[in-house]
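Taking it in order: structure first as structure tokens, then the write-up.
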Amino acid sequence: MDPLAQLKDIHLPTPVSDLPIAPGWWILLVLAISLCVWSVMAWVRYRKVRKTQRKLLAALASADTLASSSQLLKLALVSYYPRQDTAKLFGSNLRAFLVAALPPKKQASFDQLMPENIAGIYQANADINLNDFNQAIRFWLTHALPAPKAHKKTYTNKMKTNAVRGQDD
């Protein structure tokens, strides 16, 4: 007689169920979904904040006069900074604000690009090169916007302090 014939079939244990999932997997799933939602919200907020900047840069490419370029710059200022503070900026005060709004590493580059007599943009026979002026504005729009909240608060407080003293900055 064959000893192998006396062996019985191997019985497999009952399969282990995949459900319910362990609590660690549920936590991981919630974290992954939260991260995805947060990423989409951050991207939408980023696009919304930079929408005006993109439009201004596109409009600057077609600006053909100093006045139109200056209007685009003023529009950028009142779009990202408090209107009551930035709408009145002119000449050297405007230039000083534009330099101060940039990160410290970019200020020297912008200072070289921007013409010294910025008030000349409102004169009929200004000796300011339109391409150089547009390049300076493009540089500023690219590197200064969107304005950090800390800079907005600092500038607003500075304006209020100067108004109390009777100075115009």
Side-chain angles (χ1 to χ4, degrees), residues 30-169:
V30 168
L31 287 175
I33 290 173
S34 299
L35 180 64
C36 290
V37 168
W38 178 82
S39 297
V40 169
M41 288 173 48
W43 180 76
V44 167
R45 192 175 8 188
Y46 173 83
R47 295 281 295 174
K48 183 179 177 184
V49 167
R50 301 231 184 227
K51 182 178 183 180
T52 304
Q53 180 188 27
R54 286 191 312 273
K55 286 183 179 181
L56 289 169
L57 286 170
L60 186 63
S62 62
D64 54 354
T65 64
L66 287 172
S68 62
S69 298
S70 175
Q71 286 175 348
L72 290 172
L73 179 61
K74 282 290 200 167
L75 181 60
L77 288 173
V78 298
S79 296
Y80 285 98
Y81 292 93
R83 179 181 214 95
Q84 68 273 14
D85 297 336
T86 56
K88 63 184 177 182
L89 290 175
F90 174 79
S92 61
N93 291 337
L94 174 62
R95 189 175 199 283
F97 174 79
L98 294 174
V99 171
L102 287 166
K105 293 180 181 179
K106 303 289 183 183
Q107 289 178 355
S109 300
F110 178 75
D111 205 26
Q112 292 174 353
L113 288 172
M114 186 57 99
E116 286 294 325
N117 183 15
I118 194 171
I121 59 177
Y122 300 107
Q123 298 171 355
N125 55 357
D127 60 345
I128 298 173
N129 185 348
L130 176 64
N131 290 332
D132 293 342
F133 186 65
N134 284 351
Q135 183 180 3
I137 293 174
R138 186 175 299 108
F139 182 87
W140 189 84
L141 290 173
T142 304
H143 296 290
L145 298 181
K149 290 181 183 178
H151 183 74
K152 285 183 186 180
K153 289 179 183 176
T154 302
Y155 182 73
T156 303
N157 291 340
K158 183 178 176 185
M159 292 299 291
K160 288 178 183 175
T161 304
N162 289 341
V164 169
R165 289 184 195 160
Q167 299 173 351
D168 189 21
D169 196 24

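Treat the numbers as computed from the prediction; the structure is a model and nothing was measured.
Not counting sequence neighbours, the partners of V37 by the side-chain contact (heavy atoms from CB on, under 4.5 Å) test are I33, M41. Taking the ring pair (Phe, Tyr, Trp, His ring centres under 6.0 Å) definition, one finds that F139 meets it with H143, sequence neighbours left out. By the side-chain contact (heavy atoms from CB on, under 4.5 Å) test, L31 pairs with I27, sequence neighbours left out. The side-chain contact (heavy atoms from CB on, under 4.5 Å) search around T65 returns A67, S68, not counting sequence neighbours. In terms of the side-chain contact (heavy atoms from CB on, under 4.5 Å) criterion, residue partners of Q107 (sequence neighbours excluded) are, by chain and number, V99, L102.
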Atom pairs and distances, side-chain donor-acceptor, residues 47-58, under 3.5 Å, sequence neighbours left out:
unit_1: R50; atom_1: NH1; unit_2: Q53; atom_2: OE1; d: 3.1
unit_1: R50; atom_1: NH1; unit_2: L145; atom_2: O; d: 3.1
unit_1: Q53; atom_1: NE2; unit_2: L141; atom_2: O; d: 2.5
unit_1: R54; atom_1: NH1; unit_2: R47; atom_2: O; d: 3.4

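Judged by distance alone, the side chain of S70 and the main-chain N or O of L66 form no donor-acceptor pair under 3.5 Å.
Applying the salt bridge (Lys or Arg N to Asp or Glu O under 4.0 Å) definition to pairs two or more places apart or across chains, those involving residues 92-113 are R95-D111, R95-E116. Pairs of residues two or more places apart, or lying in two chains, that qualify as side-chain hydrogen bond (donor to acceptor under 3.5 Å, both in side chains) and include a residue from residues 130-139 are S69-N134, N129-D132.
Here the closest non-hydrogen pair linking A144 and Y81 is O-OH, 4.3 Å. Between W140 and L98, the closest heavy-atom pair is NE1-O, 2.9 Å.
Taken to the nearest 0.5 Å, the OG1 atom of T86 stands 12.5 Å off from the CG atom of N93.
Side-chain contact between L60 and L73 is absent, with no heavy atoms from C-beta onward closer than 4.5 Å.
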